[in-house]
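Report on the structure given below.
Starting from 1, each residue takes its place in the sequence as its number. As the structure is a computational prediction, the values presented were derived from the model and not from experiment. Side chains included, hydrogens not; waters and symmetry mates left out as well; all remaining heavy atoms used.
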Amino acid sequence: MKRRGFIFTLDAILALLLVTMFVVSITQINPSTQVYSTYMRSQSKYLAEDALTTLRTQPLWTFVPQDVIKNWTDDGTLNLTLVSPDMSPIDIVATYWATAPVFPGADLTHKAEIIMGYILNNTLKDYNYELMINNYTSPYLRKVGSNYSAAQDVTPATLILSGYAFNQTPRGYMARAFLSKLGSKENTYTIRGGYIYARTDNQYDEVVIRYIIPADAIPRDAEIEEIKWFLEPAWVGSNYEIYLNGQPIWSGYVNNNRLILDTNPSGGYALIENFHPGETNVFEVRVYKSGYDGGEDGAQYIRIKYRTAIPSTLRFTDRFYFEDVTAKYGITAWKYLFVPGEIHSLSVQVAVGNVSATTPVTLSFMFNNKVPVPLSTPCQYNATTRVKVCYWDNATIANALASAGYNYTHISSRYTTLIIEAGNENTKYTPNIHLIGNDSFVYADYTPGVLITSYTIDITEPIILPNQDWTRSVNINFDVPQGVTPLWVKFQFPWLYYVNYNEPSQSIRVDNPVIAPTYIYQHPPNPFIYALARVGYTRDTFDYQYNPLPNAIAPGTNTLSISLGNGYYLQPRNGDGELTYVIQGFAGYGDVFPELIRAGCSGYNITYYWIGDNSPHYVTAGDSPYCDVTAQDLLNGMDRYAVDDAIIRLFHNLGGDGTQANPILIKLPPSVNIVFVSMGNIPGLFEPITITLRVWRES
């Protein structure tokens with residue numbers, strides 16, 4: 001598919017605009033510190049780069065509703081002789097600005113201004129903004145009523161943009177490429193349980209925990225390859241019954257822990273055949289230890305390995321649910337919360353069933369000690385359903401943390417622990433007390449720091465842990481593929497703490513080719529982590545002094561080192577780890593080349609390799625007639641042909657170059673087509689202009 005057009009590097013403006021399209025509620029936690037603003041500037045850098053390629057590939061209709069497009073078409077704002085809604089916003093705006101002098105009566109500059117103003121107004125709703133072109137601005141490019149001089153902190157972004165002259169000698173061709181759909185990817189989804197327990201006098205008092213996987217977590221087309229279910233009781237020597245979607249899977253005695261592994265879709269433990277992709281799935285354990293506590297201790301996990309043709313399966317949820325728990329006696333639930341970004345606000349709702357209006361329900365955070373959080377308002381109680389709902393708002397939580405010397409920076413981009421206590425531990429409830437999982441959650445407003453588009457392909461893959469028994473020193477190495485954007489890593493371990501030791505030393509250090517070895521946690525001086533069952537961190541996180549640490553995860557070999565003092569132990573051989581990263585299924589316009597594509601070809605039939613096997617595979621690009629080429633041929637031709645260059649850059653985004661020596665990370669079967677779009681007759685430059693964008697909040 002080819003299209004003529006003009007280039008005008010408003011890419012940079014629109015990239016900055018899209019920064020705020022995907023940044024959620026950037027609220028400064030501590031205005032007096034420079035740390036936060038430094039962190040956010042580093043986030044904007046990555047978002048701007050991603051946004052640039054997004055606006056180069058996605059059509060206008062992905063940003064603007066169809067009714068608006070129809071109105072623009074009817075009134076001539078979209079001049080269909082020059083542009084179309086299938087063109088990307090940068091193509092449309094660039095074409096208008098470049099051709100305005102040729103068609104002065106069409107008022108194309110003003111029409112481009114209307115389109116730009118619409119994007120500004122709808123993507124920067126929570127911000128004040130002003131866009132200036134040289135010294136020109138207008139009501140279309142400024143939020144009504146905004147006044148940047150009244151803001152406390154405004155950082156203008158100034159860019160030099162190059163335009164293109166007319167009727168000059170053509171220089172060559174540019175091309176971009178993207179995937180029309182995905183063939184197959186291998187992915188994993190893991191649900192990790194908390195430390196959950198309640199008193200159990202006998203087998204009739206078992207603690208029932210339901211781990212609920214939402215319907216949108218795993219695509220309906222998924223082919224389940226493996227389900228791994230790791231059990232670890234709150235007390236050693238407990239009795240178990242486990243179920244999937246109401247179907248019994250296994251029952252028996254678990255001394256320390258037990259792994260249930262199913263790789264057979266028609267046999268084994270009957271996990272795969274009872275799991276329903278695209279639907280809500282409920283994994284359930286019933287645990288008791290007579291005379292002690294029943295429940296699980298925080299090392300338990302369920303990992304599902306599957307294949308799918310859906311590119312983007314990652315969801316940046318803002319609700320982190322508690323497990324669904326029923327018990328005869330009061331319930332204690334430790335939730336290990338991992339928010340993958342800079343937290344701006346938190347709130348918590350807990351619903352408890354089969355209780356009275358006076359049944360206690362409490363919330364606390366666990367650092368060295370518990371930090372209790374008082375209720376924001378009295379709990380609501382329904383006497384008919386006997387359900388009690390309690391709520392803690394952001395101000396209450398932030399104030400409780402501040403009173404203990406903490407803020408949201410201390411718990412962003414890493415694990416923290418929340419504790420819910422529902423009911424009295426020695427009070428018997430009839431019927432059983434119920435922590436209602438679907439109505440009990442943490443709500444987090446945060447900045448994820450990554451752009452997810454319709455061309456984003458996310459992959460979560462296991463990290464192999466050392467085969468070590470109980471130890472005080474753990475070193476984990478994992479590789480991040482070149483060309484991908486790592487998001488986070490998560491690790492989970494059985495843990496052992498001898499309480500007669502007074503807060504053993506604990507440290508966590510990261511290392512990779514981009515950064516020097518850096519501690520992201522160190523006790524002392526950081527707070528002692530009572531239950532070090534989880535370790536996790538994002539690509540851009542904080543060091544142990546809470547200074548921003550960009551590139552804590554980077555392509556190449558990464559190392560995580562955990563060191564513990566006397567009295568604290570982890571068990572890596574029964575732990576679990578995973579890496580999540582994204583690859584982008586598109587490549588924007590590149591350099592200018594003397595030729596668009598090889599002579600006689602409108603498209604290519606490409607022989608390439610992917611990491612899943614050593615066999616050659618085939619994918620088409622463009623339209624027929626196709627010429628047969630290999631990935632190596634494209635490598636050899638990328639200095640001459642714009643299309644060859646675009647496809648190789650796309651392969652680089654997929655983790656390789658498609659050759660046998662450097663395969664890509666995903667499979668692209670023949671049903672997939674690589675679409676390329678070209679711009680030809682790229683002319684010379686004329687005098688550049690200056691663009692300044694201001695974005696701020698006045699409060």
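With hydrogens and angles left out, the side-chain atoms of Asn187 and Tyr306 include a donor and acceptor closer than 3.5 Å. Judged purely by distance below 3.5 Å, without hydrogens or angles, the side chains of Glu578 and Tyr301 never pair a donor atom with an acceptor atom. Judged purely by distance below 3.5 Å, without hydrogens or angles, the side chains of Tyr581 and Glu461 pair a donor atom with an acceptor atom. No side-chain donor from either of Glu225 and Thr263 sits under 3.5 Å from a side-chain acceptor of the other. A donor and an acceptor atom, one from each side chain of Tyr521 and Gln506, are located under 3.5 Å apart. No hydrogens or angles considered: nothing links the side chains of Asn202 and Ser290 as a donor-acceptor pair under 3.5 Å. Of the N and O atoms on the side chains of Gln492 and Tyr415, not one donor lies less than 3.5 Å from an acceptor on the other residue. For the 3.5 Å distance criterion, the side chains of Asn264 and Ser266 qualify, holding a donor opposite an acceptor. Side-chain atoms of Gln571 and Asp469 include a donor-acceptor pair closer than 3.5 Å.
Looking only at distances, a side-chain donor or acceptor of Asn512 sits under 3.5 Å from a matching main-chain atom of Ile515. Judged purely by atom type and a 3.5 angstrom limit, Asn245 has no side-chain atom pairing as donor or acceptor with the backbone of Phe275. Proximity of a side-chain donor or acceptor of Asp201 to a complementary backbone N or O of Gly291 within less than 3.5 Å is not detected. Remark: side-chain polar atoms of Asn394 are paired, donor with acceptor, to backbone N or O of Leu346 under 3.5 angstrom. Side-chain atoms of Asp221 do not come within 3.5 Å of backbone N or O of Thr308 as any donor-acceptor pair. A distance-only check finds no donor-acceptor pair linking the side chain of Thr416 to the backbone of Leu337 [under 3.5 Å]. Checking side-chain atoms of Gln349 against main-chain N and O of Asp439 turns up a donor-acceptor pair under 3.5 Å. Judged purely by atom type and a 3.5 angstrom limit, Asn274 has no side-chain atom pairing as donor or acceptor with the backbone of Leu244. Distance alone, capped at 3.5 Å, places no donor-acceptor pair between the Thr190 side chain and the Arg303 backbone. Remark: side-chain polar atoms of Thr332 are not paired, donor with acceptor, to backbone N or O of Glu421 under 3.5 angstrom.
With a 4.5 Å cut-off on side-chain heavy atoms, Val510 and Asn558 do not count as touching. Ile196 places none of its side-chain heavy atoms less than 4.5 Å from the side chain of Phe322. In this structure, the side chains of Val339 and Val442 stay at 4.5 Å or more apart for every pair of heavy atoms. Put simply, the side chain of Ile553 reaches to within 4.5 Å of the side chain of Tyr537, judged on heavy atoms. Inter-residue side-chain proximity for Glu323 and Leu435 is flagged as unmet; no heavy-atom pair is nearer than 4.5 Å. The shortest distance between side-chain heavy atoms of Val254 and Glu232 does not fall below 4.5 Å. Counting only heavy atoms from C-beta outward, the side chains of Arg534 and Phe338 never approach each other to under 4.5 Å. At a threshold of 4.5 Å between non-hydrogen side-chain atoms, the residues Phe365 and Leu401 count as touching.
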(message) Please evaluate residues Trp610 and Leu654 with respect to the criterion side-chain contact (heavy atoms from CB on, under 4.5 Å), reporting the C-alpha separation (whole Å), side-chain torsions for both, the decisive distance (0.1 Å), and the verdict.
(response) CA-CA 10 Å; Trp610 82 297; Leu654 303 180; over 6 Å; no
(message) Is there a side-chain contact (heavy atoms from CB on, under 4.5 Å) between Ile459 and Glu186? Walk through the geometry before answering.
(response) CA-CA 7 Å; Ile459 295 178; Glu186 191 171 83; over 6 Å; no
(request) Let me see the working for Tyr443 and Arg319 under side-chain contact (heavy atoms from CB on, under 4.5 Å), right down to the final yes or no. (result) CA-CA 5 Å; Tyr443 175 82; Arg319 292 193 178 193; 4.2 Å; yes
(request) Test Tyr329 against Ile433 for side-chain contact (heavy atoms from CB on, under 4.5 Å), laying out the working first. (result) CA-CA 7 Å; Tyr329 293 89; Ile433 187 171; over 6 Å; no
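Annotation for Gly567 and Pro504: closest pair C-CG, 4.2 Å, computed over non-hydrogen atoms. When all heavy atoms are compared, the tightest approach of Pro572 to Thr471 is CD-CG2, 3.7 Å. For the pair Pro311 and Lys185, the tightest heavy-atom approach, listed with the atom from each and the gap, is O-NZ, 2.8 Å. Nearest heavy-atom pair across Ala327 and Ala198 is CB-CB, 3.6 Å. Of all the heavy atoms in Ser473 and Asn475, the pair that sits closest is OG-ND2, 4.1 Å. Nearest heavy-atom pair, Asp318 versus Tyr446, reported as atom, atom and distance to 0.1 Å: CA-CE2, 4.4 Å.
Remark: of the listed residues Tyr530, Tyr336, Trp334, Tyr497, Trp334 is the sole one forming a ring-ring contact (aromatic ring centres under 6.0 Å, His included) with Tyr195. Tested against Phe478 for a side chain to side chain contact (heavy atoms under 4.5 Å, CB included), the candidates Ile464, Val489, Leu465 yield a single pass: Val489. Of the residues Leu261, Ile249, Ile242, the one that meets the side chain to side chain contact (heavy atoms under 4.5 Å, CB included) test with Tyr269 is Ile249. If you run side chain to side chain donor-acceptor pair (under 3.5 Å) between Thr313 and each of Thr456, Asp458, Asp216, only Asp458 comes through.
Taken from CD1 in Ile583 to OG1 in Thr485, the straight-line distance is 10.0 Å, to the nearest 0.5 Å. Here the CD1 atom belonging to Ile272 is positioned 4.0 Å from the CG atom belonging to Asp262, to the nearest 0.5 angstrom. Annotation: the span from Ile209 atom CD1 to Asp324 atom CG amounts to 10.0 Å, rounded to 0.5 Å. One finds the CD atom of Glu226 at 10.0 Å from the OG1 atom of Thr188 (value rounded to the nearest 0.5 Å). With rounding to the nearest 0.5 Å, the separation of OG in Ser563 from OH in Tyr568 is 14.0 Å. How far CG of Asn477 is from CG of Asp511: 9.0 Å, rounded to the nearest 0.5 Å.
In the displayed structure, Glu279 atom CD is contacted under 6.0 Å by more than 12 heavy atoms of other residues, nucleotides or ligands. More than 12 heavy atoms of other residues, nucleotides or ligands sit less than 6.0 Å from atom OH of Tyr253. The local environment of CG in Asn255 is crowded, with over 12 non-hydrogen atoms from other residues, nucleotides or ligands closer than 6.0 Å. More than 12 heavy-atom neighbours from other residues, nucleotides or ligands sit within 6.0 angstrom of CH2 on Trp250.
By the 30° and 60° cut-offs, the orientation of the rings of Tyr498 relative to Tyr569 is perpendicular. Ring geometry, His410 versus Tyr546: the interplanar angle exceeds 60°, so the pair is classed perpendicular (tilted spans 30 to 60°).
Tyr408 and His344 have their aromatic ring centers separated by at least 6.0 angstrom.
Judged by the 6.0 Å and 45° rule, Arg286 forms a cation-pi pair with Tyr243.
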